[in-house]
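This report refers to the structure that appears directly beneath it.
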Number of protein chains: 2
Amino acid sequence: MGTVTRETTLDSRQEILRTAARLFQEQGYDATSMNDVAAALKLSKGGLYHHFQSKDEILFDLMNHAMDITQERVVNSVRGIADPEERLRTLIRRHIGVVLSERDREITVMLHENHPLRPSLRKQINARKKEYVHFVEALITEVQRARSSKSSVTPRAGAFALLGMINWIYQWYRPGGPLQEEDLARQYAEIFFAGAVQ
Amino acid sequence: MGTVTRETTLDSRQEILRTAARLFQEQGYDATSMNDVAAALKLSKGGLYHHFQSKDEILFDLMNHAMDITQERVVNSVRGIADPEERLRTLIRRHIGVVLSERDREITVMLHENHPLRPSLRKQINARKKEYVHFVEALITEVQRARSSKSSVTPRAGAFALLGMINWIYQWYRPGGPLQEEDLARQYAEIFFAGAVQ
DNA sequence: TAGTAGCAACCGACCGGTCGGTCGGTTTTG
DNA sequence: CAAAACCGACCGACCGGTCGGTTGCTACTA
């Protein structure tokens, strides 16, 4: 049936995206050639171009997929939590989980590779990123209100600081190291809620 | 005199480094060709190669210079402050100042371009980065001790969180925007010392 | 059920262009 | 006049991308 064919095609694209994500993360986008991607998939370059029209398209799809994952696994999954504080704590945990996930390397690629994308495509990704920042910002506003916070930290600066410390993790975190994901999430939440030296 | 000649040469190298830093920051390292760098200096590629042996060497010198700046303008400049808390607050302010400095674009290049450098050179840069992390870590330890802090945040996680939120700034900060450097530094310090929703 | 039409998947040779880097010779300068 | 600074033509390698042709599976038919 046509349906079966479509599914196969989608699977191929997904597998290509996952492999490309791995290579892009390991070597960088520019340093990874389409030949590299094809070879890693045991494909010729021509075969690879049967599935994607350009290197751009792979990166763009990759980043969109990364935003889909963030939307599902972070945003949507905390929407049901009533208490704002608990919602923010869970968001921190989930966001860290996504950044550290071995499976979803698309996220770190999206975090790192800003320049290579054509301006029109980059704008679309940036719009989705901004949407996420605003979500976090609104959540921080809620938490401050619920706590009758007297902090002079604006939700905007707070959101950037929080996302900064989380999104930077990929720069230094090594899975085998002493700092485990759960512990890291707990400490980062504590820093954001009460500071690091209180 | 030899000295004069040497000085001239050094000036040329510095100017090349500054121009290269600007281009690398604007377009990315891989996307910037040696021709681009040469042209921006009104030089031919051959002329450029009279001053540097390779593109690698430029990037390596750039990053080393970035670490020199950090060492001078952040580390050395806070060493004289006796009170640990004030020392850390000043470090935050100075570090943000360096990241946002228009003149020192080397820093954001160093923060962003990790992959392109050959492993042997990259290790040297990473060693200097680690040194800085340890400095911050030790300072956080001191502040916690001085405050008799009961925080369960380890100095190591605290250092990574702090450096993360600061080093991420270049990803979103636009000089013309509403958030000014002084204000940003104050808010980030507050977050780190007391949290964002206290 | 054997045969076949059709099509997605794939190959590999190839293209124009650009890259980092080289080199022999010329200009500038102290 | 020596040496540093610089030029511009050039090199081999590799880049992203193309294309005509082949393979192999699947759906349909006689």
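None of these values were measured; they are calculated from a predicted model. Lettering of chains follows the sequences in order, A, B, ..., and the numbering in each one begins at 1.
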I'd like a table of atom pairs between the protein and nucleotides 20-23 of chain C - only N or O on both sides, under 3.5 Å - with the distance next to each one.
{"from": "C/dG20", "atom 1": "OP1", "to": "B/K55", "atom 2": "NZ", "distance (Å)": "2.6"}
{"from": "C/dG20", "atom 1": "OP2", "to": "B/M34", "atom 2": "N", "distance (Å)": "2.9"}
{"from": "C/dG20", "atom 1": "N7", "to": "B/K45", "atom 2": "NZ", "distance (Å)": "2.8"}
{"from": "C/dG20", "atom 1": "O6", "to": "B/K45", "atom 2": "NZ", "distance (Å)": "3.4"}
{"from": "C/dG21", "atom 1": "OP2", "to": "B/Y49", "atom 2": "OH", "distance (Å)": "2.8"}
{"from": "C/dG21", "atom 1": "OP2", "to": "B/K55", "atom 2": "N", "distance (Å)": "2.8"}
{"from": "C/dG21", "atom 1": "O5'", "to": "B/Y49", "atom 2": "OH", "distance (Å)": "3.4"}
{"from": "C/dG21", "atom 1": "N7", "to": "B/K45", "atom 2": "NZ", "distance (Å)": "3.0"}
{"from": "C/dG21", "atom 1": "O6", "to": "B/K45", "atom 2": "NZ", "distance (Å)": "2.7"}

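- Between the C1' atom of D/dG16 and the CG atom of A/L59 lies a distance of 14 Å, rounded to the nearest Å.
- Taking the six-membered ring wherever Trp is involved, the centroid distance between the rings of B/H95 and B/Y132 falls below 6.0 Å.
- Under the rule for a side chain to side chain donor-acceptor pair (under 3.5 Å), the partners of B/S33 that lie at least two apart in sequence or sit in another chain are B/D36.
- Nucleotide D/dG20 holds its C1' atom 15 Å from the NE2 atom of A/H50, rounded to whole Å.
- Taking every heavy atom of both residues into account, A/R122 and A/H115 meet most closely at NH1-O, 3.1 Å.
- Within the 4.0 angstrom heavy-atom criterion, no nucleotide atom of any strand lies near B/L48.
- With hydrogens and angles ignored, the 3.5 Å screen pairs no side-chain donor or acceptor of A/E181 with any backbone N or O of A/L100.
- When the side-chain nitrogen and oxygen atoms of B/H51 are compared with OP1 and OP2 of D/dA4, none of them lie within a distance under 4.0 Å.
- Taking NZ from B/K129 and CG from B/L163, the interatomic distance works out to 11.0 Å, rounded to the nearest 0.5 Å.
- Protein atom CZ of B/R13 is 11 Å distant from nucleotide atom P of D/dA5, rounded to whole Å.
- A/L41 places its CG atom 14 Å from the P atom of C/dA9, with the value rounded to the nearest Å.
- What separates CZ of B/F52 from C1' of D/dC6 is a distance of 16 Å, to the nearest Å.
- Looking at every heavy atom in both residues, B/V136 comes nearest to B/A159 through CG1-CB, 4.0 Å.
- The nearest pair of heavy atoms linking B/A185 to B/I96 is CA-CD1, 3.6 Å.
- Atom C1' of nucleotide D/dG16 and atom CG of A/D36 are separated by 12 Å, given to the nearest angstrom.
- If you check residues 114-125 of chain B against DNA chain D, you find no residue with a heavy atom closer than 4.0 Å.
- In this structure, CD in B/E106 is found 7.0 Å from CG in B/L17, a value given to the nearest 0.5 Å.
- At distances below 3.5 Å, not a single donor-acceptor pair connects side-chain atoms of A/R93 with backbone N or O atoms of A/E182.
- A straight line from NZ of A/K42 to C1' of C/dC11 spans 17 Å, rounded to a whole angstrom.
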